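Input: a single structure, listed below in structure tokens.
In the text below, chain A, chain B and the rest are named by the order of the sequence lines, each starting its count at 1. Please read all numbers here as calculations on a predicted model, not as lab measurements.
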Amino acid sequence: MNQENNQEEKSFWEKLLSIDRRIIFLFIAVAIAVPLFFKVSMHIPVTPIVRGVYDAIEELPAGSKVLVSFDYDPGSMPELQPMAEAFFRHCFRKDLKVIIMGLWPQGPLQANMALEEVFKDEDIKAKNLQYGIDYVNLGFTAGNEVVIDRMGHSFEESYPKDGQGTPLSELPLMKGVKNYDNVDLIYSLSAGYPGTQEWVQYAVDVFHVKLAAGNTAVQAPSMYPYVQTGQLAGVLGGMKGGAEYETVLGIPGIAVRYMFSQAVAHAVICLFIIIGNLAFFSLRKRKRS
Amino acid sequence: MRREVPLVLTAMVGLTMIIAHFIPPLNILKDMFEDWFFIIAAFAIYLGVLNLLRINADKIYKKQRDWPFGIVVILGFLVITIPGLFFSGGRSFSEVGTPFYYLYIHVYYPLSATMFALLAFFVASASYRAFRARNVEATMLLVAAFVLMLGRVPIGDWITVWLPEGYRLGNAADWIMDFPQTAGQRAIMIGIALGLVSSALRVILGLERTYMGGD
């Protein structure tokens, strides 16, 4: 009888270990999708590494020029787009001038998407921001880190015209902007190569500009050494970083809203790992005995 | 000559880029080589497009395996390129409201995001099957992953709310990120940098020739 029970238990654990992956997929889908329909208010503490980004922008006086590089594509949009929108809101509310560029072909389009969303805000709409005066989109240029290097000497060498084909010399915002010396802060939104690492190596180390970054959760850990050495003012890592930034800014947006979904998904994955390990140890114990 | 010319060019450009960093007058040469790079990078895009079309057209013509996908690739290319080139206002094709922008938002963005989102499912499935506490090292990795996965989302602080402030899962996750993780990253970065220097030297000196497609 006891042996029969053992046999049943063994088959249960074995079954559990060889569970169809579509069942796991279903659990994950439910864990991600269902929380999206609930509005759960969560306390999101702001870490020093995120506060570094906030402080870097906050300490700039009105009228300062910020260069933002959009180096990602729609694949990384859930993580980086909330950061981009929050960044634009922060800059425009502080009356900073924003110069947009992209080392990835999709980057300038992502910037336009973020701008379209931000311009729906009543307070930003009221500012009546003008293209070419308050912000400008230089578009994409092929050349990766060489673009960054050349911009250290002259923006016009890498971007003779903006994304709409207007020569930089005809844009009021770009008057007096020759190179990084005329920019107060660079903000790199990146999901890989070329991205924040190249900005650190070719702009910060060579031209001593101030740099802050927003990265995907996968990429962010490799930026921590740069923050400790002061080469980066701060990093927003993944959706969590975006949510912290929205929190410190006092404008909860999509990152804060989606954190509940991410939290449930993480909890479900942890649960699966526990179950997998329980099954593993149970089978190992049985084999030994 | 087919081998010597690329070798000499590589050595010349590589050495100039290094020396120009220390001798500013040589920046003229550095700038010239960077101009060459811009031109090559721009042509690489056209080359990529032509190659994509040629390979897929060839596949369709010869009715090779999965040739219908070739039609999808070429159609997809034309559907996004023609509105971008001819119906979206020229250079301002990426502006809000153009047909190209519409296609980007409603076709390219959902497709691209879907492909990336599939990762979440595979990561969950792989974690379930492979993340085992088989030995001490694997257990340490597992514990660190657990702390990070729960500590990086608000749920971590919820389940450890009974602990004093500073000792909760969120704080533990921050500590792992700030110290052990950063130390490991730094070691990896120094290793990679040394490897890159040695590889670059091998390329410049002509010892490493695989980039030419041989040896």
Side-chain angles (χ1 to χ4, degrees), chain A residues 17 19 21 24-25 27-29 32 42-45 47 49 73-78 106 108-109 112-113 115-116 137 139 141-144 146 149-150 153 157 161 163-165 217 221-222 224-225 228 237-238 240 259-260 262-270 272-273 275-277 280-281, chain B residues 21 27 30-31 34-35 37-38 41-42 44-45 89-92 94-96 100-101 104-105 108-113 115-117 120-125 127-134 142 145-146 149-150 152-158 170 174 177-178 181-186 188-189:
Chain A
L17 269 185
I19 192 173
R21 64 179 182 166
I24 300 172
F25 292 171
F27 271 94
I28 293 295
I32 292 170
M42 286 181 299
H43 170 64
I44 298 166
T47 50
I49 203 162
D73 62 8
S76 311
M77 208 171 147
Q106 301 91 338
L109 279 140
N112 285 340
M113 284 171 78
L115 284 172
E116 194 185 7
N137 191 341
T141 284
N144 305 335
V146 180
D149 187 53
R150 290 302 282 273
H153 303 291
E157 285 182 17
K161 292 174 178 176
Q164 298 179 11
S222 57
Y224 274 60
Q228 282 193 351
K240 168 81 164 20
M259 275 313 288
F260 181 49
Q262 192 171 13
V264 176
H266 279 207
V268 169
I269 292 175
C270 286
F272 271 120
I273 294 171
I275 295 169
N277 275 278
F280 168 72
F281 281 113
Chain B
H21 186 74
N27 270 331
K30 179 178 165 257
D31 289 349
E34 284 184 350
D35 282 340
F37 178 79
F38 275 130
I45 294 174
R91 269 194 72 118
S92 51
S94 61
E95 293 304 305
V96 178
F100 181 84
Y101 185 79
Y104 184 84
I105 299 280
Y108 181 74
Y109 156 50
L111 288 176
S112 180
M115 288 303 290
F116 202 74
F121 298 94
F122 292 118
V123 164
S125 174
S127 308
Y128 176 66
R129 291 182 204 290
F131 227 161
R132 300 275 183 269
R134 287 176 205 279
L142 190 70
F146 240 85
M149 267 199 287
L150 293 175
R152 296 285 290 168
V153 287
I155 216 164
D157 282 338
W158 281 356
D174 289 341
M177 289 296 285
D178 287 342
Q181 187 279 135
T182 304
Q185 284 288 349
R186 191 167 284 134
I188 292 167
M189 283 163 80

Chain B contact via [X] - side chain, backbone, both or neither, heavy atoms under 4.5 Å:
X       : result
A:Pro45 : side chain
A:Phe27 : neither
A:Leu17 : both
A:Met77 : side chain

Under 3.5 Å: donor-acceptor pair, side chain of B:Asp174, backbone of A:Thr47: no
Side chain B:Arg152, main chain A:Lys240, donor-acceptor under 3.5 Å: no
Spacing of CD belonging to B:Gln185 relative to OH belonging to A:Tyr224, to within rounding of 0.5 Å: 10.5 Å
Between CD1 on residue A:Ile28 and OG on residue B:Ser125, distance to nearest 0.5 Å: 9.5 Å
Less than 4.5 Å to any heavy atom of chain A: does that hold for the side chain of [X], its backbone, both, or neither?
X        : answer
B:Ile188 : neither
B:Phe100 : side chain
B:Arg132 : both
B:Met177 : both

Exercise: identify the closest heavy-atom pair between B:Met149 and A:Ile269: SD-CG2, 4.0 Å
Candidate pair A:Glu157 and B:Phe38, rule side chain to side chain contact (heavy atoms under 4.5 Å, CB included), full reasoning: CA-CA 10 Å; A:Glu157 285 182 17; B:Phe38 275 130; over 6 Å; no
Aromatic plane relationship, B:Trp158 with A:Phe260 - under 30° parallel, 30 to 60° tilted, over 60° perpendicular: tilted
Test log, rule side chain to side chain contact (heavy atoms under 4.5 Å, CB included), inputs A:Arg150 and B:Asp35: CA-CA 10 Å; A:Arg150 290 302 282 273; B:Asp35 282 340; 3.1 Å; yes
Stepwise ring pair (Phe, Tyr, Trp, His ring centres under 6.0 Å) check, B:Phe131 with A:Phe272: CA-CA 10 Å; B:Phe131 227 161; A:Phe272 271 120; over 10 Å; no
